[in-house]
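Please read the structure below before turning to the comments.
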Amino acid sequence: MPKPKRLAYALSAIFTVSVLPSYAYAQSAPPKQRPPRVEDKNAETIVKAEDISGRPEREVILERDAEVIKDKTKVNADSACYRQVEDEIEAKSNVKIWRFGDYFTGDELKLNMDTGKGYMLNPTYKLEANHAQGKAERINFVNEDEAVVVNGTYSTCQSLSPDWYLRSDTMNLDSGRDVGTAGKTLIYFKDVPILGTPAMSFSLSGARRSGWLSPTPGFGSKNGAELVVPYYVNIAPNRDLTLYPKIIANRGIQIGAQARYLGETDGGLYKGETYVEFMPHDREYAQANPDEKSDRWMVRSTHAQDITKQWEFSWNFNAASDDNYPNDFSKTVSSSTDRQLLRELRTDYHGDFWTLTARVQKYQVLQDPESVVDPSLFVSRPYDRLPAINFNAAQYDVAGGFDWAFNSELTRFYHPTLINGTRLVAIPQVSYPIIGPSYFITPKVMVNMATYQLDAYQGASSENLSRAVPTFSLDSGLVFERDIKWGGKSMTQTLEPRLFYVNTPYRDQSKFPIFDTDAATFNFSQIFSENRFVGSDRIGDANQLTAALTSRFLDANGAEALRLAFGQRFYFRDQRVQLDASTPVVDAHSDILLAATGRISDTWAFDSAVQYNPSQSRIVSESYTAQWVPGSKKVLNLGYRYLRDSFKNIELSSQWPIFQRWYGVGRISYSVQDKKILESLVGLEYNADCWVFRTGAQRFVTTSTKASTQIFFQLELNGLSHLGVGSPLEAMKNSIPGYQRLNEGYGR
């Protein structure tokens, strides 16, 4: 075997386990749809040439610029012979053939126009479906859809000297089944063999198909070297399964699987996804935790289905084997911090104006390993709902313009270490909206009624509690408009003052447990709500007025270019109801809220919010984000987030062309308060005509004292596969808002 081939097969043994029987590339983008290959068998055959001779109704000899056309097939050559009885053509010298958009050239052709069977010598070809091209010693046309390439090449590059191509002794291109299969194959990049396989298959149009996906080596600071060899199963157009066998050098062998499905029954749509990881024996974990089981696993599963037009059900199930699983195996910041794992089963039934919901919820809590030394990192366990039944009903513009609603919930709360009980809540409400061309006034009356049946707890006997808290609110607003010129454009500016009054009498609720209630985040959504708490265990007493002013700038199409908002709440009596036994809040007014958001041009967008305490003359929280997108594959994001006594973070991310075909990508999230980097990403991309190269590294915090670092590089051959280490594309898409793939339309 020549040295280059021996090198290629050695590389394939290292990177791809070359004994695999097939090789495929699954794409999430819809494949290019080609018109169906329908040919009129009774179509007339048209022949042209400068010199025509032969035998009538038997054979036509065409010399100089010969041309034969039959429906979707066209042949050109220096000379040709067409046999009418057999419906067969032989052509020589400068032969060109077009078949359903595919284009072939060669030295000699023999083709049956009826069956599509024949051959061509020394051919070149171009396929319409994915603009693939190649050359060979011979092509055997099996039928109208299928051709066998002998000692030929295949590439999606458009140049005469493609950057990458595969060379195989035999290659079957079946347009009918949209699949190419090859025997012993070498893949060349820049004329250097980089991969060898004994057999492979691939899609001709980029559609999904079953087979081995490209192996993905990886390297991280926590687990060392990794190698994933995924296998994709295209079960049906709306179902698939991907298996992820993974070798982790420091730990062992991990098996992963992801199943996805989407469909429709007589009742309606259904969809779901399940992902499972299992490692039968984690060597590193067993060494560090000899008294614990070393089998480690994780499950995520979601499903939603319409049983009928009115009835649906769903589940959301998440579980892990141990507290350290997110730290050891997470590939993103979000998954490493997800420690309250929800398990929920739910069903909903809808009427014309009402909805009945029943659900059960349990949680698995994964404690942060650092909580032993830092109690502030302790992860609390939410109450389980076993079950919760909700009934909600509402009608609008009834009985002369009234709106009414009724919300109720019956819930059994369970916690292994806290007081348990059952809570029944009913909230009837009625309002009468008065709406004019430039104003609205909406008075509303509601009553929050609740009864608790509490279990015996810490020596105390069971107890029944109840309450009824009425609330009156009055919402009102005006809308003024004027035409303005801004940046040379005609726009409409609005001025929208709004007043929202709430009066809720005080009711002592200190004996009521806190099952699912917390103080609401103070923002523009919350200041226009009747209750300052989220949940039903506390109904805040109130005699307050919220004043807000909003101004919007609308372009000629009605799109919002800019929105400015100001809001503050004024209290006319102390707020006595609190989550615990703390003293009442005696402020005469709330913090001031300021917000500005908009897309001020085709390239600039921003969002900002500030919470300011005028009594102490200090900012409580603020966030600013800006995005600049001056062109394709150009984005710059800048963000700043601050919450007093909690965090102060700066974020910067970008995708930007550096020179010619090179692009830089990067992200950094820095904690000013802790003086450390929370997340960082740096990478380079090169976009050629038919391939993309990506490389870089990512680091993110997994616990308060530990971080994970991953390096990656990847060579993606458009329309075939990607080779490399790690998953740079996934990291770039998740880390950089507005990131655009360089080779859009290809890949998963």
Looking only at side chains, do [X] and [Y] share a donor and an acceptor under 3.5 Å apart?
{"X": "Q526", "Y": "T521", "result": "no"}
{"X": "T156", "Y": "N718", "result": "no"}
{"X": "N316", "Y": "N318", "result": "yes"}
{"X": "S671", "Y": "K648", "result": "no"}
{"X": "E481", "Y": "T492", "result": "no"}
{"X": "Q361", "Y": "E344", "result": "yes"}

Atom [atom1] in [X], atom [atom2] in [Y]: separation rounded to 0.5 Å?
{"X": "E685", "Y": "R741", "atom1": "CD", "atom2": "CZ", "result": "9.5 Å"}
{"X": "I592", "Y": "I619", "atom1": "CD1", "atom2": "CD1", "result": "11.0 Å"}
{"X": "M732", "Y": "L742", "atom1": "CE", "atom2": "CG", "result": "8.5 Å"}
{"X": "H131", "Y": "C157", "atom1": "NE2", "atom2": "SG", "result": "13.0 Å"}
{"X": "F528", "Y": "N523", "atom1": "CZ", "atom2": "CG", "result": "11.0 Å"}
{"X": "T546", "Y": "F524", "atom1": "OG1", "atom2": "CZ", "result": "10.5 Å"}

Under the 3.5 angstrom rule, does the side chain of [X] hit a backbone N or O of [Y] as a donor-acceptor pair?
{"X": "D323", "Y": "Q367", "value": "yes"}
{"X": "E312", "Y": "A304", "value": "no"}
{"X": "R694", "Y": "L729", "value": "no"}
{"X": "T603", "Y": "V629", "value": "no"}
{"X": "R532", "Y": "A519", "value": "no"}
{"X": "N531", "Y": "R538", "value": "yes"}
{"X": "Q611", "Y": "S621", "value": "no"}
{"X": "Q655", "Y": "Q740", "value": "yes"}
{"X": "T695", "Y": "F712", "value": "yes"}
{"X": "D555", "Y": "G558", "value": "yes"}

Can you check whether [X] reaches [Y] side chain to side chain, under 4.5 Å on heavy atoms?
{"X": "F647", "Y": "Y642", "value": "no"}
{"X": "T504", "Y": "I539", "value": "yes"}
{"X": "L474", "Y": "T442", "value": "no"}
{"X": "V665", "Y": "Y739", "value": "yes"}
{"X": "L545", "Y": "R569", "value": "no"}
{"X": "L678", "Y": "K676", "value": "yes"}
{"X": "L564", "Y": "T550", "value": "no"}
{"X": "D591", "Y": "L593", "value": "no"}

### Query
Does E530 come within less than 4.0 Å of K444, counting only side-chain N to carboxylate O?
yes

### Within residues 600-627 or reaching into it, pairs that qualify as salt bridge (Lys or Arg N to Asp or Glu O under 4.0 Å) - sequence neighbours excluded
none

### Task
Provide the full list of salt bridge (Lys or Arg N to Asp or Glu O under 4.0 Å) pairs with a residue in residues 653-669, sequence neighbours left out, each pair given once.
E651-R667, R661-D689, R667-E679

With sequence neighbours excluded, tell me which residues meet side chain to side chain donor-acceptor pair (under 3.5 Å) with [X].
{"X": "W315", "result": "S301"}
{"X": "R343", "result": "Q364"}
{"X": "S617", "result": "none"}

### Message
Determine whether the aromatic ring centres of residues H303 and F317 are separated by less than 6.0 angstrom.
### Response
no

Can you give the donor-acceptor pairs under 3.5 Å from side chains of residues 494-502 to other protein atoms, not counting sequence neighbours?
from	atom 1	to	atom 2	distance (Å)
T494	OG1	E496	OE2	2.8
T494	OG1	R552	N	3.1
E496	OE2	R552	NE	2.8
E496	OE2	R552	NH2	3.3
R498	NE	D475	OD1	3.0
R498	NH2	D475	OD2	2.6
Y501	OH	N503	ND2	2.9
Y501	OH	N543	OD1	2.6

### Query
Taking it one step at a time, do L684 and I658 satisfy side chain to side chain contact (heavy atoms under 4.5 Å, CB included)?
CA-CA 9 Å; L684 282 174; I658 301 175; 3.4 Å; yes

### Summary
Residue set satisfying salt bridge (charged side-chain N to carboxylate O under 4.0 Å, His left out) with R346, at least two apart, ordered chain then number -> D348

### Task
Return the set of residues passing salt bridge (charged side-chain N to carboxylate O under 4.0 Å, His left out) with D537 (not counting sequence neighbours), or none when no residue passes.
R423

### Pair S653-N637, side-chain hydrogen bond (donor to acceptor under 3.5 Å, both in side chains): steps then yes or no
CA-CA 5 Å; S653 63; N637 304 290; 3.1 Å; yes

### Query
Pairs in or reaching into residues 663-697: which pass ring-ring contact (aromatic ring centres under 6.0 Å, His included), with residues at least two apart or in two chains?
F189-W691, W662-Y686, Y686-W691

### Query
Can you list every pair that meets ring-ring contact (aromatic ring centres under 6.0 Å, His included) and has a residue in residues 597-629, with sequence neighbours left out?
W604-W628, W628-W656

### Task
Verify side-chain hydrogen bond (donor to acceptor under 3.5 Å, both in side chains) between Q258 and T274, making sure each step is shown before the conclusion.
CA-CA 6 Å; Q258 181 184 33; T274 297; over 6 Å; no

### Query
Hey, mind stepping through Y275 and E273 against side-chain hydrogen bond (donor to acceptor under 3.5 Å, both in side chains) and telling me if it holds?
CA-CA 7 Å; Y275 183 80; E273 180 176 345; over 6 Å; no

### Query
Is the OH atom of Y396 crowded by more than 12 outside heavy atoms at less than 6.0 Å?
no

### Message
Heavy-atom count check: over 12 atoms from other residues, nucleotides or ligands less than 6.0 Å from K633 NZ?
### Response
yes

### Set of ring pair (Phe, Tyr, Trp, His ring centres under 6.0 Å) partners for H589, sequence neighbours left out
none

### Task
In sequence, state the C-alpha distance, the side-chain angles, and the governing distance for R300 and T302, and then conclude on side chain to side chain contact (heavy atoms under 4.5 Å, CB included).
CA-CA 7 Å; R300 296 194 305 265; T302 60; over 6 Å; no

### Query
What pairs with A405 under side chain to side chain contact (heavy atoms under 4.5 Å, CB included), at least two apart in sequence or on another chain?
A394, Q429

